[in-house]
Amino acid sequence: MPAPEHLIIAPVLIPLIAGALMLFYEDRQRRAKRVISFIAVAALVVVAHDLLNLARRGGEAGTVGVYLLGNWPPPFAIVLVLDRLAAMMLLLTAVLGLGALIFASARWDRRGQHFHSLFMFILTGLNGAFLTGDLFNLFVFFEVMLAASYGLALHGSGALRVRASLHYIAINLAASLLFLIGVSLIYGVTGTLNMADLAAQIPTLPAEQKPLLKAAAAILGIAFLVKAAMWPLCFWLPITYLAAAPPVAAMFAMLSKVGVYVILRMTSLFGTGVGETGIGAEILVAGGFATVAFGTFGVLASQGLGRLAGSTVLVSSGTLLAVIGLFGLGGGSHLVAAGLYYLVSSTLAISALFLIIELVERDEGSFATVFAVTAELYGFSEDAADEDEPLVGPVLPGVFTVLSVCYACVALLIAGLPPLAGFMAKFAILSAAFNPEGIGTDGPPSPLAFALTGLLLVSGLAAMIALVRTGIQTFWGPVDEEDRTRAALVELVPVIGLIAITLYMTVQANSVMRYMEATARSLSEPHLYVETVLGARPYVIEETAPVDAGGEGEAR
Amino acid sequence: MELVLSLAIGVLVASGVWLLLRPRTYQVIVGLALLAHGVNLFIFSMGRLRTGASPILSKEGAVAAGAYADPVPQALVLTAIVISFATTALFLVVLIAARGFTDTDHVDGKESD
């Protein structure tokens, strides 16, 4: 009977083993692959849910779970750390993964080879990046995630995808090298790579080492900001997401949030030690504002839904970066709580949007041309030559109506209009920006709060205009009866499911926000994280039975 | 030795950045490879440069830590070499595929003029 802390490594192991296992199957045995993928992702959802409950134990403070991979006492060797933030990101990843996988199983996993294995490996990388407590291990999981994402971005092939992937891979390889420079500089300065140990050591560092450390953090930050797509490091994003296969793009919406997650983690752990205002918090605020502005222009200028969705990713990233920057400047934990709520709701909404776009534009537009090219080049003619290929599962009547309702929900979510979660997220962010200490406290609001308000409202308005304009063209335009969109039930289920989760977040906003508030408080005071990780003790192996040495008891 | 190493890193990185910004895919991949080598040397140097010091501790008794080289950057650099090699190989495949699709080796898939 494995102890609960062994569960911490499960989100890395399950997809890794499933992905490796599926390499033994030919692509013709797609049914077997689907079954394995579904079992793995469903297990991931269950495990992530259990881990969330594990992290919630212990009341207000929560629990930090530590898993010593090499059974060495920290700060030596690599540790996995589970706290509220990591658990939340794990659950979000698992849910998005399930949605994207269900969607892909209708037809997209047939467009190229090894879709399921690559999909599992991207989940491995994502989960590992959220769990790891070691900077270099973070690099390794980043590379696992990126390597799988290169394969997935190319899934389906075609000239557009290959060209977009070329840029995507080149910029990410360059960013990875910056990551390495930053990590090794930090090791050179402090002599440790354990994040908790770094957080403990940075405040005691001699003053002459601080500039080097700040330089290292800045170089490292660039690598994450490329991933999070902060302006001006974001020009690769819209075209890559447009070109990627829709279920892949839905998963990529999570990929940009990894950069945001790491920046938040670094701000939380290292931020207070270096200066009064954290590392580069001003740059994060300015960059976040610029990204929102750039994304807003992108949203308004987009001719098609694909580009529009890519630009909404930018707006979402920019908002979160600005929120984290304000947090680094001392914006208080309420702001982060609101930001986390926004992170979850906007990621779900954008993923759903990517899926809807494919269903709507199925018979025309860019995706159809990509299909045609792919089919000829890769000899999938019997698969893809006729668009009348039987979809898996029963074809739903009234698809168009269901889709238009889903589209309206997503538009409300992204634009941040009541009554859905998008509105509550934006409202919470703005309220926290104006009242850093909580509602009811006095003191003039900062000019940054006004700037944030203006940008958020304008970007919401722009998103509304663009989404409504495209929606009118798409759903209210003249449609031939034969050209009506066809979609299988399995393709609508993930779309409706993702939207249903945001509805749940709207109805249960109180309990969700309470979780986010507790998460944000632990982020603004990361003592528990640092002490638990550094206090973890390895198991003493006597004979064959592992015995708890006592130190781990504190972790629970 | 410090001078030689820093010169080597500097030349590798400078050439790498220059090539990375060139318009031909082949130049980009060679640039990335050079950059990766420069970065690998840089990681290695972060463990402080030692001559004739082994990174593996001997078994018997107490050891003088100062007599050994830092093993962690050497482990890191091994990992970094493997990863950058693999991703560069993958990039090579994409590069050739792009050449096949677009009939040009320009990074944008079409000649700029």
Item checked: Worked check of side-chain contact (heavy atoms from CB on, under 4.5 Å) between Y187(A) and V72(B) -> CA-CA 9 Å; Y187(A) 182 78; V72(B) 175; 3.3 Å; yes
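With respect to chain A, the highest number of heavy-atom pairs below 4.5 Å among D70(B), T102(B), L95(B) belongs to D70(B).
Using a 4.5 Å cut-off between heavy atoms, L177(A) contacts chain B through both its backbone and its side chain. Of the atoms belonging to S45(B), not a single heavy atom falls under 4.5 Å from chain A. Heavy atoms closer than 4.5 Å to chain A are found in the side chain of L20(B), but not in its backbone. L185(A) touches chain B through backbone and side chain together, each having a heavy atom under 4.5 Å away.
Using a 4.5 Å cut-off on side-chain heavy atoms (C-beta onward), H167(A) and D108(B) make contact. For the pair L146(A) and T87(B), the minimum side-chain heavy-atom distance is 4.5 Å or more. In this structure, F139(A) and I83(B) have side chains that are in contact, with non-hydrogen atoms separated by less than 4.5 Å. Within the 4.5 Å cutoff, no side-chain heavy atoms of V28(B) are placed close to those of L166(A).
Within a 6.0 Å radius of CZ in F235(A), other residues, nucleotides and ligands contribute more than 12 heavy atoms.
Annotation: the span from L90(B) atom CG to Y150(A) atom OH amounts to 8.0 Å, rounded to 0.5 Å. From S184(A), atom OG reaches atom CG of N40(B) across 9.5 Å, with rounding to the nearest 0.5 Å.
Checking side-chain atoms of R163(A) against main-chain N and O of F101(B) turns up no donor-acceptor pair under 3.5 Å.
Between L32(B) and A174(A), the closest heavy-atom pair is CD2-N, 4.1 Å. Between A80(B) and L180(A), the shortest heavy-atom distance links the atoms CB-CD1, 3.7 Å.
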